[in-house]
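Beneath this line is the structure, given in structure tokens, with notes to follow.
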Amino acid sequence: MISKQKFLEALEIINEMFPDAHGELNWNTPFQLLVATILSAQATDKGVNKATVALFEHFPTVTSMANAEIVEIEQFTKTIGLYHNKSKSLKKTAEMLLEWGYSNNELPKDKKELQLLPGVGRKTANVVLGEVYGIPGIAVDTHVERVSKRLSLVKQEASVIEVEEKLMKVIPEDKWVSSHHHLIFFGRYHCTAKNPKCNFCPLIVYCNFGQARMKEGIHV
DNA sequence: ATCCCGAGGG
DNA sequence: CCCTCTGGAT
């Protein structure tokens with residue numbers, strides 16, 4: 001396992017590689033970010049952004065989404081994986097927000113309360129609260145999990161929650177949200193799932209995975 | 001542990 | 001063709 005000190009050094013290098021890492025979903029209101037994030041499960045941001053242009057044109061608000069038929073929502077989400085479940089979640093989520101008295105410019109600020117909404121789990125709640133309200137949290141998605149494991153921050157079999165807890169323990173709280181974005185950019189554009197760029201990775205000295213892979217010999 | 005499930009990339 | 005994508009609910 002990598003030491004806290006070494007991991008923070010590696011994280012600092014990642015920060016320098018992607019200084020302007022940021023959320024890449026398009027939205028105009030907190031509700032729209034929630035919608036986009038629900039749609040983003042096991043899907044690319046690019047694909048979600050393509051779909052939400054028309055979706056938000058037709059159903060821009062909590063009320064309009066709550067009043068929409070599921071099949072109408074599906075018309076705009078069909079290009080996204082898992083679209084049926086997601087569309088069902090969007091309508092129900094809008095209905096519940098309406099019942100709770102939330103508008104487009106306001107969402108529950110409590111993580112547990114947010115997670116009562118269908119389609120909203122731990123990761124989505126962290127993303128939304130961090131982006132909209134700057135509430136400290138680390139959303140562990142596929143990228144954050146992969147990078148954390150390759151850098152040996154946690155053992156290979158660690159659960160998502162264990163990864164999240166370890167990251168929160170190691171990273172200062174005021175850097176949780178920004179580090180989350182940096183880790184995602186690093187995972188998305190450099191430490192990719194398929195052909196990670198170990199051959200020109202500045203983190204190779206910190207990375208067991210990369211060193212082992214280089215030793216085996218990479219055929220680019 | 002398993003299901004949901006389309007687009008884009010390699 | 002196969003793998004991956006800012007997971008969540010059962």
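On a predicted model such as this, the values are computed, not experimentally measured, just so you know. Naming convention: chains lettered A, B, ... in sequence-line order (proteins, then strands); numbering from 1 in each chain.
- Per the geometry, NZ belonging to A/K86 stands 18 Å off P belonging to B/dC3, to the nearest Å.
- Geometrically, A/K78 does not engage A/Y83 in a cation-pi contact, judged by NZ or CZ lying under 6.0 Å from the ring centre and within 45° of the ring axis.
- In this structure, A/I161 atom CD1 and C/dG7 atom P are separated by 15 Å, rounded to whole Å.
- Using a 4.0 Å heavy-atom cutoff across all strands shown, A/G187 reaches no nucleic acid atom at all.
- Between A/K194 and A/N85, the residue whose closest nucleotide on DNA chain B is further toward the 5' end is A/N85.
- A/S178 contributes a side-chain N or O that, together with a main-chain N or O of A/K175, makes up a donor-acceptor pair within less than 3.5 Å.
- Within the nucleic acid shown, A/V160 has no heavy atom closer than 4.0 Å to any nucleic acid atom.
- Of the charged side-chain nitrogens involved, at least one lies within less than 4.0 Å of a carboxylate oxygen, so that A/E145 and A/K149 count as a salt-bridged pair.
- Among the atoms of the strands shown, only primed sugar atoms or phosphate atoms (P, OP1, OP2) are found under 4.0 Å from some heavy atom of A/G121.
- Considering only side-chain N and O atoms, A/H143 lies under 4.0 angstrom from the phosphate OP1 or OP2 of C/dC5.
- Among the heavy atoms of the strands lying under 4.0 Å from A/L82 is at least one base atom, whether or not backbone atoms are also near.
- Proximity note for A/Q42 (side chain, C-beta onward) versus B/dA7, C/dG7, B/dC5: the nearest is C/dG7.
- As a whole-Å value, the separation of A/L114 CG from C/dG8 P is 11 Å.
- Rounded to an integer number of Å, the gap from A/H180 NE2 to C/dG7 C1' is 13 Å.
- For A/L39 and B/dC4, the CG to P distance is 19 Å, given to the nearest whole Å.
- For A/A193, counting side-chain heavy atoms from C-beta on, the closest listed nucleotide (C/dT4, B/dA7, B/dG10) is C/dT4.
- Protein atom NZ of A/K88 is 9 Å distant from nucleotide atom P of B/dC5, rounded to whole Å.
- Among the atoms of the strands shown, none is found under 4.0 Å from any heavy atom of A/T192.
- If you check every strand for non-hydrogen atoms under 4.0 Å, A/G119 touches sugar and phosphate atoms only.
- Side-chain atoms of A/P60 and A/M65, non-hydrogen and from C-beta on, never get closer than 4.5 Å to each other.
- Taking only side-chain nitrogens and oxygens, A/R146 comes nearer than 4.0 Å to OP1 or OP2 of C/dC5.
- Distance, A/N49 CG to B/dA7 P: 16 Å, rounded to whole Å.
- Checked against a 6.0 Å centroid threshold, the rings of A/H22 and A/F185 count as neighbours.
- Contact annotation for A/L117: backbone-only contact, meaning every heavy-atom pair under 4.0 Å involves sugar-phosphate atoms and none involves a base.
- Nucleotides of DNA chain C nearest to A/Q115 and A/T44 differ in position, and the one nearer the 5' end is that of A/T44.
- Counting any heavy atom pair closer than 4.0 Å across all strands shown, A/K50 reaches sugar-phosphate atoms only and no base atom.
- Rounded to whole angstrom, the span from the CD atom of A/E157 across to the P atom of B/dA1 amounts to 12 Å.
- A/E162 has no carboxylate O lying under 4.0 Å from a charged side-chain N of A/K166, or vice versa, which leaves the two without a salt bridge.
- In this structure, A/A43 reaches the bases: a heavy-atom distance under 4.0 Å links it to at least one base atom across the strands shown.
- Within the nucleic acid shown, A/R122 comes within 4.0 Å of sugar-phosphate atoms alone, with no base atom in reach, counting heavy atoms only.
- Among the protein residues, A/K46 comes within range of no part of the nucleic acid, since none of its heavy atoms lies under 4.0 Å from any strand.
- Only the P atoms considered, C/dT10 is 15 Å distant from B/dC5, to the nearest whole Å.
- Closest to the A/H84 side chain, of the nucleotides C/dT4, C/dG7, B/dC5, is B/dC5.
- Note: A/F59 and A/F76 have perpendicular aromatic rings, judged against thresholds of 30 and 60 degrees for the angle between ring planes.
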